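See structure below.
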Amino acid sequence: MLFRSHKAMPEPTRERRSAMNIEYLDLRDDANEIVRASLPDSYVQAATSQLERTYGYSSFRPGQLEAVTSILSGHDLIAVMPTGSGKSVCYQLPATRPGSFTLVITPLRALMRDQVQALQARHVRAAFIDSGISTVQRQSIYAGVKAGEIRLLYVAPERLWADDFQFFAKSTRIDLVAVDESHCVLQWGHDFRPSYLRIGEFIKELPARPVMAAFTATATPGQIPQIAENLGLRQPVMVKTGFDRPNIRFDTLKLKPGKRVKFIRDWAVRHPDCGIVYCNSRAECDRLAIELKRQGVDAEAFYSTVPEADKKRIQDGFLNGSPRVICATTAFGMGVDKPDVRWVINDGPCESIECFYQEAGRAGRDGKPARSILIWCDGDFKSWRDRIRQNAGSAMTDTERQDKVCKAALERLNAMSDYCESEDCLRGMILRYFGDSAAEHCDYCANCTYDPETGDVDQEPSREEKARRKAERQARRSERNTRKAERATQVDEHPHETTRGGPITTVSIGDVDQAIIGYVSGVNRLLGHGLGATKIVQGLRGSRGVFYVEQGLDRLDWHGSLRGVSEALVKQHIDQLARKGKLSYGDFRTLLPATEPEDE
């Protein structure tokens, strides 16, 4: 039997023979704790053999075996794996066992079509239902599932509540429900879809509860429990493989809009491999595709209002190498399995690190060297802020909820702005944003290997030049740290004396306020939500508790910056900042940064 009935997670254990060590998320009584446990490895040999038969691979990628074993053992799963890590194998492989049926919920129509075609080519019986499937075709698919002829069915979350699908689901045994792009369930997230919030309700109404598996490429440590709770997962096994894509080189380039077309045109001409240019408007997609064609580049525009027949032609053609360049809005490429995209250019910043990393992750899925280039200017962020303030949360009727959505969106945009403006390692900024650890330098991004102000991201410097520029960056960083230290010990009219394991120093009122605001902002950027005043105070005073270390909070710039200031005094300053409107309170009295004022 493929799927066992859902059962409680085994008790944490120090050691067990013939077992696989895993972690699961304890959601009982809102504990939200990560607990170490183990699963029997009885499925490993069978799963590896099936992997080779179905996909031709002799071994699993990191995280895949743990995910497959968890599902086959009857446990819910939440998997955070970067783009290109093979998430789909984790739910497709269990579905190949006889007598099972897997329902895949995804918002991506391109993924449905692409994965079903790929599965059918591997002789795995799969189907999808979208708006282009007629009533007669849907009934044929339902009958195919009931007859055991279809093992996987892909649908959008909105489909779950259609009358015919409700009847089908309640009269069919569903063994596994796989939720792709599960971060869409976060109400304050970058890609929220209200229909995702009802997936848990859909599961509860089924005659028998299936195993549930949630997958995402973009979730910070603080968002993982929220995803699990919103989907109704039960003590899910948690698989995290790390966010690093070491084969991708990251570059940022500050260019005004008038100079971007020339740069992108010259780049595409010089680099004959397949690439994607992400634009922030349909008009820009068309304009850029036309310009590239004039230069002899095989390019096409792709966005939501392109006719369906043309979409299919362009997408299938791109998979086969013509066109070799796609000028697209954010919708293109999500779920499309093209391993040999060698470069991705963002013509303007995204609204969040999450969106950017998904788009950049289209490059180099085959593990070979690839490039990500983000072109930006100050005006881009002004436009994004205006757009967010006008539209964020507009679908909600509750003013307080609208404000919360807007604040969360602005915080994500600020993190994107920090990435563009930073002189630190770009890879490190991305990894730390998602809660991973990172070295100070990766030697494979613009800030670690050459000066982006040269304007030529394709020009590799000599070893001596690299060393010189690295020394310059370190000198600039040292100067900034010195200035920060001078400000931190500056005496004003009402200094606070602190002892930090040594001589008495003084911290001014202004610096205490700056530290609090900076730390609150950093916490919200990292976790995607705020923390209560007590946890903020403990973090500012340098707590090294398990909570702060596991969430990555101890790596924030302002963590521990007020070690010697009394807890009561820090809380007093927090209250004063809230009264002045420089901080605000969210749900459950969590601290949030104040809404950023309009740009001048």
Side-chain angles (χ1 to χ4, degrees), residues 88 91-92 94-96 98-182 184-185 191 193-213 215 231 302-316 319 331-332 334-337 395:
S88 59
Y91 57 81
Q92 289 176 356
T96 62
S100 69
F101 171 59
T102 294
L103 178 66
V104 182
I105 301 172
T106 176
L108 307 172
R109 293 181 65 190
L111 178 140
M112 295 184 195
R113 183 181 298 109
D114 183 62
Q115 290 200 5
V116 166
Q117 289 176 351
L119 286 166
Q120 291 173 344
R122 297 185 177 103
H123 308 291
V124 178
R125 290 167 290 187
F128 69 90
I129 295 177
D130 66 5
S131 58
I133 302 296
S134 68
T135 301
V136 173
Q137 289 172 317
R138 291 201 302 272
Q139 293 303 321
S140 176
I141 290 171
Y142 298 152
V145 172
K146 292 179 182 294
E149 297 171 356
I150 295 175
R151 301 277 179 79
L152 291 101
L153 177 60
Y154 289 75
V155 299
E158 293 79 9
R159 176 69 51 186
L160 303 179
W161 299 99
D163 290 341
D164 63 332
F165 192 86
Q166 279 278 298
F167 180 80
F168 158 74
K170 292 178 181 179
S171 60
T172 304
R173 190 190 76 177
I174 303 175
D175 298 288
L176 169 66
V177 172
V179 183
D180 192 34
E181 306 294 326
S182 61
C184 294
V185 79
D191 210 8
R193 285 177 69 137
S195 54
Y196 264 70
L197 283 177
R198 300 193 68 191
I199 292 176
E201 180 184 348
F202 169 79
I203 297 297
K204 288 180 181 178
E205 294 186 3
L206 294 176
R209 188 185 188 279
V211 173
M212 289 192 67
F215 299 87
L231 291 175
F302 189 102
Y303 42 80
S304 60
T305 57
V306 170
E308 288 300 317
D310 289 339
K311 281 184 180 178
K312 187 177 187 306
R313 172 184 60 80
I314 294 170
Q315 181 175 307
D316 292 346
L319 291 173
F332 183 79
M334 301 296 122
V336 176
D337 186 15

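Computed from a prediction, not measured in an experiment: that's the story for all the values here.
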Next item on the list: Enter the distance from Glu201:CD to Leu160:CG here, rounded to the nearest 0.5 Å.
Entry: 10.5 Å
Margin query: Show, in sequence, the C-alpha distance, side-chain angles and deciding distance for Tyr142 and Ile129, and conclude whether the side-chain contact (heavy atoms from CB on, under 4.5 Å) test is met.
Written below: CA-CA 10 Å; Tyr142 298 152; Ile129 295 177; 3.6 Å; yes
Checklist line | Minimum heavy-atom distance between Thr172 and Lys146, given as atom pair plus value | finding: OG1-NZ, 2.9 Å
Notebook entry, point to check: Which pair of heavy atoms, one from Ala169 and one from Pro207, lies closest together, and at what distance?
Noted result: O-CD, 4.4 Å
Note to self: Rounded to the nearest 0.5 Å, what separates atom CD1 in Ile141 from atom CD in Glu149?
What the structure shows: 12.0 Å
Next item on the list: Please say which of Leu119, Asp130, Leu103 ends up in a side chain to side chain contact (heavy atoms under 4.5 Å, CB included) with Tyr154.
Entry: Leu119
Notebook entry, point to check: Can you tell me how far the CG atom of Asp316 sits from the CZ atom of Arg113, to the nearest 0.5 Å?
Noted result: 7.5 Å
Next item on the list: With rounding to the nearest 0.5 Å, note down the distance linking OG in Ser182 to OH in Tyr196.
Entry: 7.5 Å
Margin query: Is any side-chain heavy atom of Arg138 closer than 4.5 Å to one of Asp164?
Written below: yes
Next item on the list: Please confirm whether the backbone N or O of Ser134 pairs with a side-chain atom of Gln137, one donor and one acceptor, at under 3.5 Å?
Entry: yes
Note to self: Please check this pair: side chain of Gln120 against backbone of Arg125, looking for a donor-acceptor N/O pair closer than 3.5 Å.
What the structure shows: no
Checklist line | Student check: side-chain heavy atoms of Gln92 and Thr96 closer than 4.5 Å | finding: no
Notebook entry, point to check: Is a side-chain donor or acceptor of Asp175 paired with a backbone partner of Thr102 at a separation under 3.5 angstrom?
Noted result: no
Note to self: When you compare the side chain of Gln115 with that of Val104, does any pair of heavy atoms fall below 4.5 Å?
What the structure shows: no
Item checked: Straight-line distance of Leu152 CG to Phe101 CZ, nearest 0.5 Å -> 8.0 Å
Checklist line | Nearest atoms (heavy-atom pairs only) where Arg151 meets Pro98 | finding: NH2-CA, 3.9 Å
Notebook entry, point to check: Is Phe168 close to Gln139 at the side-chain level, that is, under 4.5 Å between some pair of heavy atoms?
Noted result: no
Check: If you look at every heavy atom in Ala156 and Ile105, which pair is closest and at what distance?
Finding: C-CG2, 4.4 Å
Check: Shortest non-hydrogen contact from Val116 to Ala126?
Finding: CG1-O, 3.7 Å
Notebook entry, point to check: In Å, rounded to the nearest 0.5 Å, how long is the span from CG of Leu231 to CZ of Arg198?
Noted result: 14.0 Å
Checklist line | Lys312 atom NZ, neighbour heavy-atom count above 12 within 6.0 Å | finding: no
Next item on the list: Would you mind reporting whether Val185 and Val179 have side-chain heavy atoms less than 4.5 Å apart?
Entry: no
Checklist line | Side chains of Phe128 and Thr106 in contact at under 4.5 Å (non-hydrogen atoms) | finding: no
Item checked: For the student: nearest non-hydrogen atoms of Ser100 and Pro94, plus distance -> OG-O, 3.8 Å
